[in-house]
Amino acid sequence: MKIVVIGGTGLIGRPLVGLLRKAGHEVVAASPSGGIDALTGAGLAEALAGASVVIDVSNAPSFENEAALSFFRGTTTNIVAASRDAGVGHIVALSVVGTDRLQASGYFRAKLAQEQLIAAAGIPFTIVRATQFFEFLATIADGYTRDDGVSLPNIALQPVAAADVSAMLAEVAMAAPANGIVEIAGPERAPLAEFTASWLGAHDDPRRIIVTAGRNYFGAPANDATLVPGSGGRIMPTRFEAWLHATTPEHAA
């Protein structure tokens, strides 16, 4: 098949492109740097010509409410229109577990708008909602840093390795459309503070962890069920400690 990966040069897209090419597919790694811009539509029709599957793993460059909404509405509208014109048979999009439960956040309202545009397009689709990536823990720590401490809410997390997300997206792209949502997560569930503390310790980061009484995720109300999958979620294989061991500087060197 010909498969187009929107956001094909990023954290998820680059390994996804490699997996699909290894499986024998013709793959276009679409990104603005390569002249294919889903937000403006530049190069999109040419890239999708003859494609069977489109996978959107792009992300908004800004988490600001209006900027995120403009990005996801704009790119998804263009991808759907170009896919319809090209006769694409399957749209796959990467989203986030808990999107529908975090609607107090403008970013997650934008992600839900993306999902709804795809579901309403009349093209077979699969939305893959993943939990937070292991690789995102550094960003979480920075986002909650106050002075020399990381003040984290007391909520559960079940993060997943980015490589496992790419692998699942490759599997989904080569399968029949689900015409619905597939949830994926890592194998371990624990407080957000535990995962973050392990990451800080492995990187010799001196910031101390402070668990607060607040129950929110970047300003949106949250609890132990918000960021974890339901009972039907697919559990991916990579364990957090194995990933941490492989990616910390002293071990990765």
Next item on the list: Consider only side-chain N and O atoms of Thr131 and Gln158, and report whether a donor and an acceptor are under 3.5 Å apart.
Entry: no
Check: Any donor and acceptor pair, going by atom type alone, linking the side chain of Asp37 with main-chain N or O of Pro32 inside 3.5 Å?
Finding: no
Checklist line | Side-chain heavy-atom pair Arg208, Val150 within 4.5 angstrom cut-off | finding: no
Notebook entry, point to check: Using 4.0 Å as the upper bound for N to carboxylate O, is an ion pair formed by Asp100 and Arg129?
Noted result: yes
Next item on the list: Can you see which heavy atom on Thr196 is nearest to which on Ala141, and at what distance?
Entry: CG2-CB, 3.9 Å
Next item on the list: Tell me whether Leu20 is reachable from Leu11 by hopping between hydrophobic residues (I, L, V, M, F, W, Y) whose side-chain heavy atoms are closer than 4.5 Å.
Entry: yes
Next item on the list: State, yes or no, whether a side-chain contact exists between Thr76 and Asn78 at a heavy-atom distance under 4.5 Å.
Entry: no
Item checked: Asp164 vs Pro237 side-chain heavy atoms within contact, under 4.5 Å -> yes
Next item on the list: Begin with the C-alpha distance, continue with both residues' side-chain angles, and end with the deciding distance and a verdict on side-chain contact (heavy atoms from CB on, under 4.5 Å) for Glu26 and Met1.
Entry: CA-CA 6 Å; Glu26 176 190 351; Met1 294 186 294; over 6 Å; no
Next item on the list: Please check if Val88 and Val27 belong to a single hydrophobic cluster, counting links between Ile, Leu, Val, Met, Phe, Trp and Tyr side chain heavy atoms closer than 4.5 Å.
Entry: no
Check: What are the two closest heavy atoms between Pro221 and Leu102, and how far apart are they?
Finding: O-CD2, 3.9 Å
Next item on the list: If the plane angle is over 60° it's perpendicular, under 30° parallel, otherwise tilted; pick one for Phe195 and Phe240.
Entry: perpendicular
Check: Does the pair His90 and Ser52 meet the rule for a side chain to side chain donor-acceptor pair (under 3.5 Å), with working shown?
Finding: CA-CA 7 Å; His90 189 186; Ser52 298; over 6 Å; no
Check: Can we say Arg207 and Asp142 salt-bridge, meaning some charged N sits less than 4.0 Å from an Asp/Glu carboxylate O?
Finding: yes
Next item on the list: Identify the two heavy atoms, one from Leu44 and one from Ala38, that lie closest to each other, and give their separation to 0.1 Å.
Entry: CD2-CA, 4.3 Å
Margin query: Tell me the closest heavy-atom pair linking Gly74 and Leu39, and the distance in Å.
Written below: CA-CD1, 4.1 Å
Item checked: Side chain proximity check, Val97 to Leu227, heavy atoms < 4.5 angstrom -> no
Using residues 66-73 as the side-chain source, report each donor-acceptor pair under 3.5 Å to any protein atom, sequence neighbours left out, with the distance given to one decimal.
none

Next item on the list: Please check if Val4 and Ile79 belong to a single hydrophobic cluster, counting links between Ile, Leu, Val, Met, Phe, Trp and Tyr side chain heavy atoms closer than 4.5 Å.
Entry: yes
Next item on the list: Return yes if some donor-acceptor pair links the side-chain N/O of Asp147 with the main-chain N/O of Gly149 below 3.5 Å, else return no.
Entry: no
Checklist line | Min side-chain heavy-atom separation Val165-Ile184 under 4.5 Å | finding: yes
Next item on the list: Working to the nearest 0.5 Å, report the span between CG of Leu94 and OG1 of Thr126.
Entry: 12.5 Å
Note to self: Rounded at 0.5 Å granularity, tell me how far CD1 in Ile123 sits from OG in Ser83.
What the structure shows: 5.0 Å
Note to self: Could you work out, with side chain to side chain donor-acceptor pair (under 3.5 Å) as the rule, every residue matching Asp148, not counting sequence neighbours?
What the structure shows: none
Checklist line | Minimum side-chain heavy-atom gap Asp56-Ile91 below 4.5 Å | finding: no
Margin query: Rounded to the nearest 0.5 Å, what separates atom OG in Ser166 from atom CD1 in Ile12?
Written below: 4.0 Å
Next item on the list: Please answer whether the main-chain N or O of Ala49 pairs with a side-chain N or O of Lys2 as donor and acceptor at a distance below 3.5 Å.
Entry: yes
Checklist line | Approximate separation, where rounding is to 0.5 Å, of Leu192 CG and Tyr144 OH | finding: 7.0 Å
Next item on the list: Could you please spell out the steps behind the salt bridge (charged side-chain N to carboxylate O under 4.0 Å, His left out) verdict for Glu188 and Arg239?
Entry: CA-CA 7 Å; Glu188 300 150 298; Arg239 300 185 69 82; 3.1 Å; yes
Notebook entry, point to check: Looking at Leu137, Val228, Leu152, which one forms a side-chain contact (heavy atoms from CB on, under 4.5 Å) with Leu157?
Noted result: Leu137
Notebook entry, point to check: Is there a donor-acceptor contact under 3.5 Å from the side chain of Asn179 to the main chain of Phe125?
Noted result: yes
Item checked: Backbone N/O of Ala162 and side chain of Glu135: donor-acceptor pair under 3.5 Å -> yes
Notebook entry, point to check: In Å, rounded to the nearest 0.5 Å, how long is the span from CE of Met174 to CD1 of Ile3?
Noted result: 7.0 Å
Check: Would a hydrophobic clustering, with Ile, Leu, Val, Met, Phe, Trp and Tyr connected at side-chain separations under 4.5 Å, put Ile235 with Phe134?
Finding: no
Check: Do you know the tightest heavy-atom contact between Ala29 and Val17?
Finding: CB-CG2, 3.9 Å
Next item on the list: May I ask you to test the Leu48-Val54 pair for a side-chain heavy-atom distance under 4.5 Å?
Entry: yes
Next item on the list: Verify side-chain contact (heavy atoms from CB on, under 4.5 Å) between Glu241 and Ser198, making sure each step is shown before the conclusion.
Entry: CA-CA 9 Å; Glu241 286 299 329; Ser198 294; 4.0 Å; yes
Note to self: Between Arg215 and Asp224 (salt bridge meaning N to carboxylate O under 4.0 Å), is one present in this structure?
What the structure shows: yes
Next item on the list: Please round to the nearest 0.5 Å and tell me the distance separating atom CG of Leu169 and atom CD1 of Ile55.
Entry: 6.5 Å
Margin query: If we ignore hydrogens and angles and just use 3.5 Å, is the side chain of Glu171 paired with the main-chain N or O of Ala167 as donor and acceptor?
Written below: no
Check: For the ring pair Phe218 and Tyr107, is the centre-to-centre distance below 6.0 Å?
Finding: no
Check: Val5, Val53: one ILVMFWY side-chain cluster at the under-4.5 Å cut-off?
Finding: yes
Check: Looking only at side chains, do Asn223 and Thr226 share a donor and an acceptor under 3.5 Å apart?
Finding: yes
Next item on the list: Search all heavy atoms of Ala185 against all heavy atoms of Pro229 and return the closest pair with its distance.
Entry: CB-CG, 3.6 Å
Check: Distance-only, no hydrogens or angles: does the His203 side chain make a donor-acceptor pair with backbone N or O of Trp199 under 3.5 Å?
Finding: yes
Check: Would a 4.5 Å heavy-atom cut-off, applied to side chains only, mark Val57 and Leu16 as touching?
Finding: yes
